[in-house]
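Reading through the structure tokens given below for one structure.
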Amino acid sequence: MYKSPDKLPLDHGLPESNEHMRTYRQHGVLPGFPLALGFTLLYLSLIVLVPLSATFLKSATLGWSGFFEAVTTPRVLASYKLTFGAALAAAAINAVMGLLVAWVLVRYEFPGRKLADALVDLPFALPTAVAGIALATLYSSKGWIGQFAAQAGFKIAFTPLGVTIALTFIGLPFVVRTVQPILEDLERELEEAAASLGATRWQTFLKVILPTISPALMTGFALAFARGVGEYGSVIFIAGNIPLVSEITPLLIITKLEQYDYAGATALAVSMLLVSFTLLLAINLLQWWTRNRRGSRV
Amino acid sequence: MVDPEPARLPRLNGTSTEAIAMSAQPLTFASHIHHVHHAARGEAPWVRWSLIAIALLFLALFLLMPLALVFVQAFAKGWETYVSALADPMALAAIELTLLVTLIAVPLNTVFGVAAAWAIAKFEFPGKNLLTTLIDLPFSVSPVVSGLIYVLLFGMQGWLGPWLHEHDIKLIFAVPGIVLATLFVTVPFVARELIPLMQAQGNDEEEAALVLGASGWQTFRHVTLPNIRWGLLYGVILCNARAMGEFGAVSVVSGHIRGATNTIPLHVEILYNEYNSAAAFAVASLLAMLALVTLALKSVLEWRLARQIDAAKDEE
């Protein structure tokens with residue numbers, strides 16, 4: 001795949017110093033750049049960019065009023081409310097519990113720590129359909145956990161609560177894996193200084209540790225939220241998909257497709273893409289902030 | 001042989017697919033190895049043990065229980081039901097299709113990942129950051145939308161649908177559509193692992209090989225490839241897990257034709273919706289085992305990568 005260079009650097013004479021090497025790098029002493037970049041751009045265009053652009057173009061054929069109407073019907077609005085509400089609640093739960101899990105994994109030694117650490121990635125490795133049917137069975141009124149809820153007189157499966165639980169499952173690793181490296185990097189000296197100045201442990205956490213890790217925590221929160229908004233497989237089984245009650249937006253897109261309402265499905269998809277891209281931008285800004293914070297400390 | 005600045009590599013230990021893909025925060029490796037040796041201090045023992053108990057309880061409730069339930073339900077009606085669910089011709093057809101799709105998607109995205117990482121990590125060019133962001137784009141698109149975009153392009157109502165129909169080419173509700181949707185959702189995996197790794201390793205070794213007269217291809221095979229092999233394998237394993245398990249995107253383009261366009265996750269869905277819970281969980285247990293193998297391999301590779309970085313630092 002990588003052709004040999006037309007000219008070996010020997011033809012140009014040996015580089016004499018590191019200074020020269022840098023110049024060579026900028027001029028591309030390594031071969032294969034046009035081929036690698038060309039292939040990358042072509043592949044990315046064919047698989048990702050062209051299909052995505054085609055979707056935006058398709059929605060443009062609806063016209064502004066058609067688009068606006070398609071994305072604001074009561075059923076669609078109810079699905080937004082559920083999708084964003086549950087994703088927000090799940091991301092909030094994960095911000096708290098994910099921070100706790102990351103803290104425990106980084107700061108404490110206990111039996112099974114490595115296993116618990118590996119387990120955190122399960123939601124990434126377990127196919128969403130499997131997670132979906134497992135959660136639906138677990139929280140059904142006869143399930144291992146759902147039966148206790150049923151005894152207490154409330155339902156989890158087929159309610160917004162069920163959707164929130166599924167999104168909590170899927171979002172946990174985002175917070176843990178974003179916060180963990182920052183916690184490992186924390187300078188203990190700062191905490192010791194705070195303690196020696198008379199701060200209680202809780203004050204040290206609130207005033208020294210939390211401000212340092214907050215950009216990472218927010219990044220993790222945003223990542224979990226973004227994933228939750230688009231999530232499909234792990235949610236649809238436990239949600240039960242009752243229109244206006246427990247029907248998430250991604251499922252509504254599929255419903256519209258099955259009814260041959262291509263215009264409606266396209267409009268919804270574009271509205272979701274716009275949300276995704278906004279979140280992506282926000283996440284990039286948060287990460288830039290995180291890196292700057294870290295950079296200034298190193 | 002290492003860059004003059006201390007090797008800054010992504011935190012591969014315990015970092016997960018999308019978290020690293022979307023965050024990719026560098027970390028000095030030294031701080032990582034030493035964190036364990038820091039004695040836990042500060043909190044009173046009762047606080048410490050309470051926090052550990054709450055965290056473990058949460059992990060057990062939210063992660064371990066769903067996993068355990070898959071296997072318990074799979075064997076709830078005994079071995080015979082389990083085996084017959086897997087030996088069912090429709091299940092076998094689904095397994096075959098999933099393997100076929102994976103065998104196409106993973107190598108293609110691996111080649112893409114290596115090419116993209118070579119261009120981005122080894123060269124300077126305008127628009128590099130934009131390209132890196134674009135490679136990550138599929139991670140932020142809902143799986144359902146990932147499938148839909150191909151329906152809008154190649155389906156009967158799509159831009160190219162009528163033309164494809166005239167020429168009797170079927171992409172949507174057929175295997176090519178499933179391959180495309182799988183390609184889309186797994187595009188970033190290999191590239192995302194390789195870019196930070198190759199950036200950290202720099203160009204010096206490749207430049208030395210070229211100066212000594214190696215061809216470009218020889219340099220890549222004998223210098224670059226051995227250097228990136230664990231990171232490459234890591235990306236391939238994550239890509240493979242997602243390719244085999246993808247549900248939402250594939251669901252939109254598949255058309256759910258039994259024995260023809262059903263992958264393993266889609267077969268699980270159909271069995272579950274038919275209230276054939278034992279069979280659904282039996283087939284699902286295959287995917288759960290895939291997840292466990294993925295997690296195990298990931299842990300081993302992280303250990304390998306950590307040692308590789310460690311060795312690089314010692315040389316320095």
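Order of the sequence lines fixes the chain letters, A, B, ..., with proteins taken first and strands second; residue numbering starts at 1 for each chain.
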In terms of heavy-atom pairs under 4.5 Å with chain A, the winner among Q157(B), M156(B), Q73(B) is Q157(B)

Using 0.5 Å steps for rounding, measure from the CZ atom of F277(A) to the CG atom of L280(A). 8.0 Å

Using a distance-only test with no angle check, is there a side-chain donor-acceptor pair under 3.5 angstrom linking Q218(B) and R221(B)? no

Highest number of heavy-atom pairs under 4.5 Å with chain A among F184(B), F154(B), F112(B) belongs to F112(B)

If you tally heavy-atom pairs under 4.5 Å between each of Y43(A), Y139(A), F169(A), F110(A) and chain B, the highest tally belongs to Y43(A)

For the interface with chain A, which of F125(B), Y150(B), F62(B), F58(B) has the highest count of heavy-atom pairs at distances below 4.5 Å? F58(B)

Rounded to the nearest 0.5 angstrom, the CG-OG1 distance for L99(A) and T178(A) is 11.5 Å

Between E206(B) and T224(B), is there a side-chain donor-acceptor contact under 3.5 Å, judged purely by atom types and distance? yes

Inter-residue atom distance I149(B).CD1 - K58(A).NZ, 0.5 Å rounding: 14.0 Å

Scan side-chain atoms only and decide if T249(A) and T83(A) contain a donor-acceptor pair under the 3.5 Å cut-off. yes

Please classify the contact between L266(B) and chain A as side chain, backbone, both or neither, with a heavy-atom cut-off of under 4.5 Å. neither

Below 4.5 Å, heavy-atom pairs only: which of L279(A), L251(A), V104(A) has the largest tally toward chain B? V104(A)

Residue, of L44(A), L138(A), I133(A), L122(A), that accumulates the most heavy atom pairs under 4.5 Å with chain B: I133(A)

Leading residue by heavy atom contact count with chain A [cutoff under 4.5 Å; candidates V293(B), L180(B), L134(B)]: L134(B)

Under 4.5 Å to a heavy atom of chain A? For I135(B) that would be both

Best-contacting candidate, L153(B), I54(B), L59(B), against chain A by heavy atom pairs under 4.5 angstrom: L59(B)

By a 4.5 Å heavy-atom criterion (distance strictly below it), what part of P66(B) contacts chain A: side chain, backbone, both, or neither? both

One option among L135(A), V275(A), L183(A), L37(A) has the most heavy-atom pairs under 4.5 Å with chain B, and it is L37(A)

Show your reasoning for whether side-chain contact (heavy atoms from CB on, under 4.5 Å) applies to I253(A) and M272(A). CA-CA 10 Å; I253(A) 294 179; M272(A) 288 206 74; 4.0 Å; yes

Less than 4.5 Å to any heavy atom of chain B: does that hold for the side chain of L286(A), its backbone, both, or neither? neither

Correct closest heavy-atom pair for L210(B) and L30(A) would be CD1-CD2, 3.4 Å

Apply side-chain contact (heavy atoms from CB on, under 4.5 Å) to L42(A) and S45(A), showing your working. CA-CA 5 Å; L42(A) 180 72; S45(A) 302; 5.8 Å; no

Is the distance between the ring centroids of F124(A) and F174(A) under 6.0 Å? yes

Contacting moiety of N129(B), where chain A heavy atoms sit under 4.5 Å: neither

Pick whichever of L126(A), V50(A), T137(A) has the most heavy-atom pairs under 4.5 Å with chain B. T137(A)

